[in-house]
Enquirer: 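Here it is, the structure in full.
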Amino acid sequence: MNSNSSSPFFSVVIPTYNRAHLIVDTINSVIKQSYADYEIIIVDDGSTDNTEDIVNGLQYPHLHYFKRPNLERGAARNFGISQSIGKYVTFCDSDDLLFPDYLSNAYETITKNNNADWIHVAYEIKKIGKPGLKMHHFENNFIIKMAKGNPLSCMGVFVKRSLLEENKFQENRNMAGSEDWELWLRLASRYQIFFDNRISASLLVHDERSVVQTNELKLQLRKYLSIGYAFEDDYVKQCFGNYRKMMNAYFDTYIALHLVLSTKKGATKYFFKAIYQYPLVIFNRRALAIVKHLALSLLSRN
């Protein structure tokens, strides 16, 4: 752990892998925060590009860089937590951009809610040149929304460091992309979450985003592991036990959408499997997207 004499309020943990061309913009978006009581923990997950030279060349105060063997994001985030000294930890990826009020908004929400155990600050999902999709308004039916998938992502989540030392990310690389959802399920079953619906950051969508997977077997294994690990926890069983069929069904639509978008076979199988398990899944926006792309695929063959 770092040995700074005074502890900041926030630790911003940023795992990265071969993002030398993007990470400076992410770091600069943290440096420009209006709230100044923070540290930045960069965990280089075995990059083979010049990320180390780029980050070490910045020489910003409160910026700590660590390079480790490639063990995937769960392990990188856990290591970042172990090196942090902030009261609260927040995470972003090395292609995310924080708005200047990201930390100040979080501080207001935390203190307003009696030093909340964890909070979520709203963000947008944005493609270059297109309007952003706002990610907020999760207060109503939050447990059900969590059962349907991950409305939070890692972006915007702030958790007391003491809780993250007790509740770690799973480090199985075969569930990469869902390790955050699995942890949020455990936290949601234990602690009340509070929300700040001011858009304070931007998650950029581009071809390099590593959560985009098209391998059917890997997606299937990711589903099995993330739901399986979560339900090893007694609190999750108690909180989400009635929603397990729903969770399986919605994950199957997730698999179907990934497959249909990549023009891979199997999308129809997972889609109908989801409907069989939980018929109401058909009314979800993702289901409509699957139907749309399946129809377009059929039309293109004729």
Enquirer: Hey, could you give me the CG/OG distance between Asn174 and Ser226, rounded to the nearest 0.5 Å?
Expert: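 Asn174 atom CG to Ser226 atom OG measures 11.5 Å (nearest 0.5 Å).
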Enquirer: State, to 0.1 Å, how close Leu259 and Ser262 come at their nearest heavy-atom pair, and which atoms those are.
Expert: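 In terms of heavy atoms, the two residues are closest at O-OG, 3.1 Å.
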Enquirer: Between the side chain of Thr26 and the main-chain N/O of Ser94, is any donor-acceptor distance below 3.5 Å?
Expert: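 Pair found, side chain donor or acceptor close to backbone of Ser94.
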Enquirer: Work out which heavy atom in Glu171 is nearest to a heavy atom in Gly74; give both atom names and the distance.
Expert: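 Heavy atoms only, the tightest pair is CG-C, 4.1 Å.
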Enquirer: Could you tell me if the side chain of His120 sits less than 4.5 Å from the side chain of Ile193, heavy atoms only?
Expert: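 They are in contact (side-chain heavy atoms under 4.5 Å apart), so the answer is yes.
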Enquirer: Mind checking whether Tyr254 and His258 have parallel, tilted or perpendicular rings, split at 30° and 60°?
Expert: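 Taking His258 first and then Tyr254, their aromatic rings sit tilted (interplane angle of 30° to 60°).
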Enquirer: Applying side-chain contact (heavy atoms from CB on, under 4.5 Å), can you list everything that pairs with Tyr191, at least two apart in sequence or on another chain?
Expert: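 Partners of Tyr191 by the side-chain contact (heavy atoms from CB on, under 4.5 Å) criterion, ordered by chain and then number, come out as Asp117, Trp118, Leu163, Glu166, Asn167, Leu187.
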Enquirer: Is the CG atom of Asn114 crowded by more than 12 outside heavy atoms at less than 6.0 Å?
Expert: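 At most 12 heavy atoms, drawn from other residues, nucleotides or ligands, come within 6.0 Å of this atom.
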Enquirer: Under 4.5 Å between side-chain heavy atoms, counting indirect links through other Ile/Leu/Val/Met/Phe/Trp/Tyr residues: same cluster for Val291 and Tyr250 or not?
Expert: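 The answer is yes; both residues are in one hydrophobic cluster.
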Enquirer: Hey, quick one: are Ile290 and Phe272 part of the same hydrophobic cluster, counting side-chain heavy atoms closer than 4.5 Å, chains of contacts allowed?
Expert: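 Yes; Phe272 is reachable from Ile290 via cluster members.
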Enquirer: Which pairs with one or both residues in residues 141-180 pass ring pair (Phe, Tyr, Trp, His ring centres under 6.0 Å), sequence neighbours excluded?
Expert: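 Ring pair (Phe, Tyr, Trp, His ring centres under 6.0 Å) check on residues 141-180 returns Phe10-Phe158, Phe91-Phe169, Tyr102-Phe158, Phe142-Phe195, Phe169-Trp184.
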Enquirer: Inspect the contact between Asp45 and Arg68 and indicate whether a charged nitrogen and a carboxylate oxygen are less than 4.0 angstrom apart.
Expert: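 Salt bridge absent between Arg68 and Asp45.
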Enquirer: Measure the spacing between CD1 of Ile227 and OG of Ser178 and express it to the nearest 0.5 Å.
Expert: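 Rounded to the nearest 0.5 Å, the CD1-OG separation comes to 8.5 Å.
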Enquirer: For side chain to side chain contact (heavy atoms under 4.5 Å, CB included), just list the numbers for Glu39 and Ser84, CA-CA rounded to whole Å, side-chain angles, deciding distance to a tenth of an Å, and then say yes or no.
Expert: CA-CA 8 Å; Glu39 63 173 352; Ser84 68; 3.6 Å; yes
Enquirer: Under a 3.5 Å cutoff, is there a donor and acceptor pairing between the side chains of Asp96 and Tyr123?
Expert: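 The criterion, which ignores hydrogens and geometry beyond distance, is not satisfied for Tyr123 and Asp96.
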Enquirer: So does Ser153 get a backbone contact from the side chain of Asn150, meaning a donor-acceptor N/O pair under 3.5 Å?
Expert: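 Yes; judged by distance alone, with no hydrogens or angles, the pair exists.
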Enquirer: Got a second to check how far Leu97's CG is from Ser29's OG, nearest 0.5 Å?
Expert: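 Nearest 0.5 Å value for the CG-OG distance: 5.5 Å.
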Enquirer: Out of curiosity, Ile14 CD1 to Thr90 OG1, how far, rounded to the nearest 0.5 Å?
Expert: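 Going from the CD1 atom of Ile14 to the OG1 atom of Thr90 covers 9.5 Å.
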Enquirer: Is it the case that the side chains of Glu72 and Tyr17 hold a donor-acceptor pair, with the cut-off being a distance below 3.5 Å and no angle test?
Expert: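 Distance-only check fails for Tyr17 and Glu72.
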Enquirer: At their closest point, which heavy atom of Val236 faces which heavy atom of Ala230, and how far apart are they?
Expert: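 In this case the closest contact between Val236 and Ala230 is CB-O, 3.2 Å.
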Enquirer: Of the non-hydrogen atoms in Asn113 and Phe194, which two are nearest, and what is the gap between them?
Expert: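 Closest approach of Asn113 to Phe194, heavy atoms only: OD1-CD2, 3.1 Å.
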Enquirer: After noting the C-alpha distance and the side-chain angles of Thr51 and Ile54, does the key distance pass the side chain to side chain contact (heavy atoms under 4.5 Å, CB included) rule?
Expert: CA-CA 5 Å; Thr51 294; Ile54 292 292; 5.7 Å; no
Enquirer: Within the 3.5 Å criterion, strictly below it, is a donor on Asn172 or Tyr229 matched to an acceptor on the partner's side chain?
Expert: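 Asn172 vs Tyr229: donor-acceptor pair found between side chains.
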Enquirer: Linking I/L/V/M/F/W/Y whenever their side-chain heavy atoms sit closer than 4.5 Å, directly or via other members, would Ile282 and Leu280 fall into one cluster?
Expert: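 In one cluster with Ile282: Leu280, yes.
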Enquirer: With rounding to the nearest 0.5 angstrom, report the CG to CG distance, Leu164 to Leu183.
Expert: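 Reported to 0.5 Å precision, the distance equals 6.5 Å.
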Enquirer: Is it true that Asp44 and Arg19 make a salt bridge, defined as a side-chain N closer than 4.0 Å to a carboxylate O?
Expert: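 No salt bridge links Asp44 with Arg19.
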Enquirer: Would Lys112 and Asp196 satisfy salt bridge (charged side-chain N to carboxylate O under 4.0 Å, His left out), going step by step from the backbone distance to the final call?
Expert: CA-CA 11 Å; Lys112 181 177 67 177; Asp196 185 323; over 6 Å; no
Enquirer: Given side chain to side chain contact (heavy atoms under 4.5 Å, CB included), test Phe271 with Asp252 step by step and report yes or no.
Expert: CA-CA 7 Å; Phe271 186 43; Asp252 281 335; over 6 Å; no
Enquirer: What's the verdict on salt bridge (charged side-chain N to carboxylate O under 4.0 Å, His left out) for Lys269 and Glu216, showing C-alpha distance, side-chain angles and the deciding distance?
Expert: CA-CA 11 Å; Lys269 174 182 69 176; Glu216 178 183 351; 2.8 Å; yes
Enquirer: Looking only at heavy atoms, what is the nearest atom pair of Leu257 and Arg286, with distance?
Expert: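 Answer, listing the atom of Leu257 first, then Arg286: CD2-CG, 3.7 Å.
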Enquirer: Using a 4.5 Å cut-off on heavy atoms from C-beta on, say whether the side chain of Val159 contacts that of Tyr88.
Expert: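 Side chain of Tyr88 against side chain of Val159, heavy atoms only: no contact under 4.5 Å found.
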Enquirer: Using 4.0 Å as the upper bound for N to carboxylate O, is an ion pair formed by Arg186 and Glu232?
Expert: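 Answer for the salt bridge query: no.
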Enquirer: Specify the closest pair of heavy atoms between Ser47 and Lys67, including all atoms of both residues, with the distance to one decimal.
Expert: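 Closest heavy-atom pair between Ser47 and Lys67: O-NZ, 2.9 Å.
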Enquirer: What I want to find out is whether Glu108 reaches Arg198 closely enough, with some N-O distance under 4.0 Å, to be called a salt bridge.
Expert: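 Looking at Arg198 together with Glu108, the answer is yes, because their closest N to O distance falls below 4.0 Å.
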Enquirer: For side chain to side chain contact (heavy atoms under 4.5 Å, CB included), just list the numbers for Trp181 and Phe251, CA-CA rounded to whole Å, side-chain angles, deciding distance to a tenth of an Å, and then say yes or no.
Expert: CA-CA 12 Å; Trp181 179 53; Phe251 210 120; 3.7 Å; yes
Enquirer: Rounded at 0.5 Å granularity, tell me how far CD in Gln170 sits from CG in Asn78.
Expert: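 Going from CD on Gln170 over to CG on Asn78, the span is 9.0 Å.
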Enquirer: Looking only at atom types and distance, does a side-chain atom of Lys32 sit under 3.5 Å from a main-chain N or O of Ile27, one as donor and one as acceptor?
Expert: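 Not confirmed, Lys32 side chain does not pair with Ile27 backbone.
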Enquirer: With a 4.5 Å cut-off on side-chain heavy atoms, are Met146 and Phe240 touching?
Expert: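 Counting from C-beta outward, Phe240 and Met146 do come under 4.5 Å.
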Enquirer: Indicate if Ile255 and Tyr276 have the same hydrophobic cluster label, given that clusters are the connected sets of ILVMFWY residues with side-chain heavy-atom separations under 4.5 angstrom.
Expert: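 They do not share one cluster, since no chain of ILVMFWY contacts under 4.5 Å joins Ile255 to Tyr276.
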Enquirer: Could you check whether any side-chain N or O of Ser11 sits under 3.5 Å from a backbone N or O of Gly86, counting only pairs where one atom can act as donor and the other as acceptor?
Expert: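 Yes, the answer is positive, given that a donor and an acceptor are paired below the 3.5 Å cut-off.
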Enquirer: Stepwise, does the ring-ring contact (aromatic ring centres under 6.0 Å, His included) test hold for Phe9 with Tyr38?
Expert: CA-CA 6 Å; Phe9 194 81; Tyr38 65 85; over 10 Å; no
Enquirer: Evaluate the side-chain proximity of Phe99 to Glu124: yes if any heavy-atom separation is below 4.5 Å, no if none is.
Expert: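 A side-chain contact exists here, since the closest heavy-atom pair is under 4.5 Å.
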Enquirer: Go through it in stages, so that I can follow the logic: the residues are Tyr35 and Asp101, the test is side chain to side chain donor-acceptor pair (under 3.5 Å), and I'd like the CA-CA distance, side-chain angles, deciding distance and then a yes or no.
Expert: CA-CA 7 Å; Tyr35 183 89; Asp101 55 359; over 6 Å; no
Enquirer: Are side-chain heavy atoms of Val12 and Gln33 found at a separation under 4.5 Å?
Expert: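 They are not in side-chain contact.
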Enquirer: Could you tell me whether Asp49 atom CG has more than 12 heavy atoms of other residues or ligands within 6.0 Å of it?
Expert: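 It does: Asp49 CG has more than 12 such atoms within range.
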Enquirer: Take a 6.0 Å sphere around OH of Tyr65 and say whether it holds more than 12 heavy atoms from other residues, nucleotides or ligands.
Expert: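 Yes - once you tally the heavy atoms of other residues, nucleotides and ligands closer than 6.0 Å, there are more than 12.
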Enquirer: Indicate, with yes or no, if the rings of Phe66 and Phe79 have centres closer together than 6.0 Å.
Expert: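 Centroid distance Phe66-Phe79: below 6.0 Å, so yes.
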Enquirer: Group every Ile, Leu, Val, Met, Phe, Trp and Tyr by side-chain heavy-atom contacts under 4.5 Å, then state whether Leu261 and Leu294 land in the same group.
Expert: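 In one cluster with Leu261: Leu294, yes.
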Enquirer: Tell me if a side-chain donor or acceptor on Arg161 pairs with a main-chain N or O of Val89 at a distance below 3.5 Å.
Expert: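 Looks like no, no N/O pair under 3.5 Å.
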Enquirer: Would you find more than 12 non-hydrogen atoms of other residues, nucleotides or ligands less than 6.0 Å from Tyr224 atom OH?
Expert: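 Atom OH in Tyr224 is not packed in, count stays at 12 or less.
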Enquirer: Is Arg77 salt-bridged to Asp93, going by a charged N under 4.0 Å from an acidic O?
Expert: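 Result for this pair is yes, salt bridge flagged.
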